Number of protein chains: 2
Amino acid sequence: MRDDRRAAPCGDTAIAEQDGHPMARPRTPLLDRQRIVHTALRLVDEAGDLTIPALAGALKVSPSALYHHVTGRAEIVALMRAELVRAIGERSLWDRPWDEALRGWARAYREAFAEHPGIIRLLATAPLAEPFMHEVYERAVATLEAAGFAPEDVMGVITALESFILGSALDLVAPAVMVDAVDREVTPRLAAALAAVPTGRRRADQAFEVGLAALIAGYRTLLPADHAPVAAGPDPISDQA
Amino acid sequence: MRDDRRAAPCGDTAIAEQDGHPMARPRTPLLDRQRIVHTALRLVDEAGDLTIPALAGALKVSPSALYHHVTGRAEIVALMRAELVRAIGERSLWDRPWDEALRGWARAYREAFAEHPGIIRLLATAPLAEPFMHEVYERAVATLEAAGFAPEDVMGVITALESFILGSALDLVAPAVMVDAVDREVTPRLAAALAAVPTGRRRADQAFEVGLAALIAGYRTLLPADHAPVAAGPDPISDQA
DNA sequence: ACCTGAACACCGTTCAAGT
DNA sequence: ACCTGAACACCGTTCAAGT
């Protein structure tokens, strides 16, 4: 069903078969982990899933060639996860009040998923808690403790927010079945509620913002009364690239 | 790696091959959708994934036999989802204040997943928004509107809660990698925060309860001032079978 | 070291053949 | 209608063979 041909001009990859007979070991390696991961990401974005034959095809290489650079499909997925986590870390800023920091982190986290929607279902089934993520948690813990959260609550606060983000990322790729599949005879109020809400991407965005605001507001009530540095202003948006 | 043999006593399924030669159409059907779904659920719980050969093996039937009752693997998954949704609906009670109702629904929802942990990764990638779910949404919308939530917020409130539940269900099956993988030299505060938290299932439970309480508390702030029927008492637990 | 092509075990699905 | 066994297209992975 897919068409992998893309009019390859001659000399595309600098090394090609010399005459007509197949080559074994090229002088310059055709592959490296970086090229594999980036191509895999592009492929997942376009096709929605990842198969070794398709990946090898996009890299103009035999499937078995990949196994000289990665241990298998699982490692490719792990590398994609690392790439994503790196993107999250780059965009999160922790030198600000805890509520703004958490909000910015959550948005960066979800935004990274939103840029590679196809990856969500590949990564959702496994946690993001790779060593890469540890330093992000470290900063989150420090921020929350400094803000006055009880030590035994801190991990729960972070984990719950992360669960919400991950669930929201899944919501992002969930096909919006309901909108007109709802029978206004049987479920009239649901139909009305759906009509009052935007469609497509903005639907998911709005639900995310509603939940994020509520979660942060709820976290604020966990703080002892003398710790309330930031007034509950209406959503101080923190812009960032 | 798996051993599907289970010492079958003769006459196990009432209909077996008469002598030694294979049978074609048995007098009583060997299969029905109910048996298929329940066996699939058991299999997913035990093995963590679902394959047609394994399912056929557990049903003591040839793989191709399944296709006379079900259109394919996708429909089996859909039937499992319907089974799960039914369980959620049965345990949720909506004739109570909105916050208690939402809290009970969320717990029932997650509890249904927790009983079949293996199913989470099968269902997480697709929404639960099947027609079965519509009437649950209908009741949720009615409850929230009656409580005074703005019509344009209602779907967001429900969707965000559902995202949190789904993410928490995924957290439930996430292997607890971090606990001792954390380097207390590099990330000392994270290590300390983790030490202050329970391990195993209870870790996920606590994070879920922290997030659920915060979300509901945050939702309460969305209500106009004249709508606050329930005081913010400390977690009125709603027991249920 | 790095690539190819053949090969293997597996999966989901189809289909003719039997009753 | 309902089952079987053979067959198909596909997948991830291994491995000997080439340079």
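Proteins get letters first, then strands, A, B, ... in listed order; numbering begins at 1 in each. What you see is a predicted model; the values in this text were computed from it and never measured.
- When the C1' atom of C:dG12 is taken as reference, atom CD of B:Glu75 falls 15 Å away, rounded to whole Å.
- Side-chain proximity of A:Arg73 to the nucleotides D:dG12, C:dT13, D:dC2 is greatest for D:dG12.
- Counting any heavy atom pair closer than 4.0 Å across all strands shown, A:Ser62 reaches a base atom.
- In this structure, B:Glu138 CD and B:Thr143 OG1 are separated by 10.0 Å, a value rounded to the nearest 0.5 Å.
- Closest to the side chain of A:Ala65, out of D:dC11, C:dT13, C:dT4, is C:dT4.
- Rounded to an integer number of Å, the gap from OH of A:Tyr67 to P of C:dA7 is 18 Å.
- Looking at B:Glu135, its side chain never comes within 3.5 Å of a backbone N or O of A:Thr187 through a donor-acceptor pair.
- A donor-acceptor contact shorter than 3.5 Å links the side chain of A:Arg35 to the backbone of A:Leu30.
- An OP1 or OP2 oxygen of C:dC3 is reached within less than 4.0 angstrom by a side-chain nitrogen or oxygen of A:His69.
- Taking 4.0 angstrom as the limit, B:Arg25 places none of its side-chain polar atoms (N or O) nearer than this to OP1 or OP2 of D:dA1.
- Note on A:Asp205 versus A:Arg110: salt bridge recorded, some NZ/NE/NH1/NH2 to OD/OE distance being below 4.0 Å.
- Counting distance only, with no hydrogens placed and no angle test, the side-chain atoms of A:Ser64 and the base atoms of C:dG5 include a donor-acceptor pair under 3.5 Å.
- When the nucleotides D:dC2, C:dT13, C:dC3 are ranked by their closest atom to the side chain of A:Leu30, C:dC3 comes out on top.
- Computed from coordinates, the B:Leu55 CG to C:dG12 P distance equals 9 Å when rounded to whole Å.
- The nearest whole Å value for the distance from the CZ atom in A:Arg33 to the P atom in C:dA1 is 16 Å.
- The distance from atom CG of B:Leu50 to atom C1' of C:dC10 is 15 Å, rounded to the nearest whole Å.
- Taking atom NE2 on B:His68 and atom C1' on C:dA16, their separation rounds to 11 Å, with Å as the unit.
- In this structure a side-chain-to-backbone donor-acceptor pair under 3.5 Å is missing from A:Arg203 to B:Met155.
- By the 30° and 60° cut-offs, the orientation of the rings of A:Trp105 relative to A:Tyr137 is perpendicular.
- Atom CD1 in B:Ile76 sits roughly 12 Å away from atom C1' in C:dT13 (whole-Å rounding).
- When distances are taken from the side chain of B:Pro29 to each of D:dC3, C:dC2, D:dG12, the shortest belongs to D:dC3.
- A salt bridge does not link A:Arg121 with A:Asp49: none of the charged nitrogens is closer than 4.0 Å to a carboxylate oxygen.
- For A:Ile52 and C:dC11, the CD1 to C1' distance is 16 Å, given to the nearest whole Å.
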Quiz item: What pattern of brackets, bars and dots sums up DNA chain C from 5' to 3', given Watson-Crick or G-U wobble pairs under 3.5 Å, [ ] for crossing pairs and | for another strand?
Solution: ||.|||||...|||||.||

